[in-house]
Amino acid sequence: MIRSCVTIALVKEIKTGPWIFWEDLEQSMAKASAMGFDAIELFTSSAAAVDPNVLKPLLEKYKLKLAAVGTGAGKVLHGLTLTDPSEAVRKQAISFISDMIAFGAAFGAPAIIGSMQGQQGQDRQQALAWLAEGLRMLSHQADEKGVALIYEPLNRYETTLFNTLEAGVNFIESEDLRNVKLLADLFHMNIEESDMPASIRAHANQIGHVHFADSNRRPMGNGHAEMGPIAIALQESGYSGYVSAEAFPWPDSDAAALQTIRAFRQYFQNS
Ligand code: LER
Ligand code: MN
């Protein structure tokens with residue numbers, strides 16, 4: 001079964017990002033729950049930003065799951081990536097993500113590596129070796145805690161490493177990274193893929209999470225993505241994870257969340 005999810009960002013420094021809710025954690029969870037979302041995805045400044053002893057009762061109270069945790073604050077706030085030329089920075093990046101893995105895993109949620117992958121720089125082979133090394137170490141840690149590690153191909157304006165599902169799958173398979181699953185972010189895919197439903201069908205068994213946004217990164221229904229065939233491809237290929245709204249809070253958070261759950265029901269629950 002495909003389940004609905006909405007993002008909550010709690011990093012005040014980067015309020016221009018593609019996340020639906022931004023304010024108070026409990027208030028956002030109460031709204032998500034009232035609208036009928038199954039889960040939340042959290043984007044926090046660090047693994048210590050939200051106390052698990054606070055989050056656990058809130059998840060119970062609002063009957064929500066934690067679907068995933070984003071690690072991008074490590075890059076945005078601290079400039080950390082897995083492919084930085086400095087070994088010290090790469091180590092800090094691994095440590096930051098490792099703490100996020102532990103935080104999420106306590107709730108059965110995987111961590112997402114998006115912007116923390118960095119860029120290829122001068123030497124692509126070297127960057128890929130560092131990326132593989134980081135993903136190997138972190139995916140082992142995730143495995144020990146019973147969760148996958150989610151790697152996200154991003155569009156060409158955000159990374160020079162891997163931009164399509166196919167490129168991501170080829171990399172994790174060639175490196176034998178068995179506990180790494182891919183994130184199919186429909187916004188990035190809309191820029192990079194030549195045929196989104198075909199790409200989803202071809203790589204469905206490697207997809208661990210989906211980011212749900214329209215072509216312009218507004219909530220689904222506000223752009224020109226052809227969501228019907230994409231939803232059918234996800235359903236027919238047996239995808240059974242979350243479809244998580246990582247989209248701009250347009251025109252505002254509440255309207256964006258409502259539009260998202262409406263679109264989710266239309267495409268995934270046929271109602
Ligand atoms: C992270 O999930 C992502 O998609 C990046 O584009 C965030 O800016
Ligand atoms: Mn994304």
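Counting starts at 1 for both ligands and their atoms, in listed order. Start at 1 with the first residue, then count along the sequence.
The aromatic rings of Tyr151 and Phe171 lie tilted to each other, with the angle between the two planes from 30° to 60°.
Both tests do not hold together for Arg262 against Phe212: distance to the six-membered ring centre under 6.0 Å, angle to the ring axis within 45°. A cation-pi arrangement is found for Arg3 relative to Tyr242, the charged atom lying closer than 6.0 Å to the ring centre and inside a 45° cone about the ring normal.
Checked against the Mn ion (ligand 2), the N, O or S atom of Glu246 at the shortest distance is OE1. The Mn ion (ligand 2) is closest to atom ND1 of His211 (considering only N, O or S atoms). Counting just the N/O/S atoms of Glu152, the one with the shortest distance to the Mn ion (ligand 2) is named OE2. Within Asp185, the N/O/S atom positioned nearest the Mn ion (ligand 2) carries the name OD2.
Of the charged side-chain nitrogens involved, none lies within less than 4.0 Å of a carboxylate oxygen, so that Asp143 and Lys145 do not count as a salt-bridged pair. Residues Glu133 and Arg90 are not paired through a salt bridge, judged by the lack of any N-O separation under 4.0 Å between the basic side chain and the carboxylate.
Between the side chains of His188 and Glu193, no donor N or O sits under 3.5 Å from an acceptor N or O.
Every atom of ligand 1 with a heavy atom of His211 under 4.0 Å away is listed here by number and element: 2 (O). The ligand atoms of ligand 1 that sit less than 4.0 angstrom from a heavy atom of His188 are 3 (C), 4 (O), 5 (C), 6 (O). Below 4.0 Å from some heavy atom of Glu152 lie the following atoms of ligand 1, by number and element: 1 (C), 2 (O), 3 (C), 4 (O).
Contact between Ile112 and ligand 1 is absent, with no heavy atom of the residue lying under 4.0 Å from the ligand. Using a 4.0 Å cutoff on heavy atoms, His209 does not count as a contact of ligand 1.
In terms of polar-atom proximity, Asp185 is counted as a contact of ligand 1, with an N or O under 3.5 Å from an N or O of the ligand.
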When you look at Glu41 and Ser244, which way does the side chain to side chain donor-acceptor pair (under 3.5 Å) test go after all the steps? CA-CA 7 Å; Glu41 176 178 325; Ser244 179; 2.8 Å; yes
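Of the protein's heavy atoms, Glu158 OE1, 2.7 Å lies nearest to atom 6 (O) of ligand 1.
Under the 4.5 Å side-chain heavy-atom criterion for grouping Ile, Leu, Val, Met, Phe, Trp and Tyr, Val69 is connected to Leu64 within one hydrophobic cluster.
Here Arg217 has side-chain heavy atoms under 4.0 Å from ligand 1, and that is the only part of it that gets that close.
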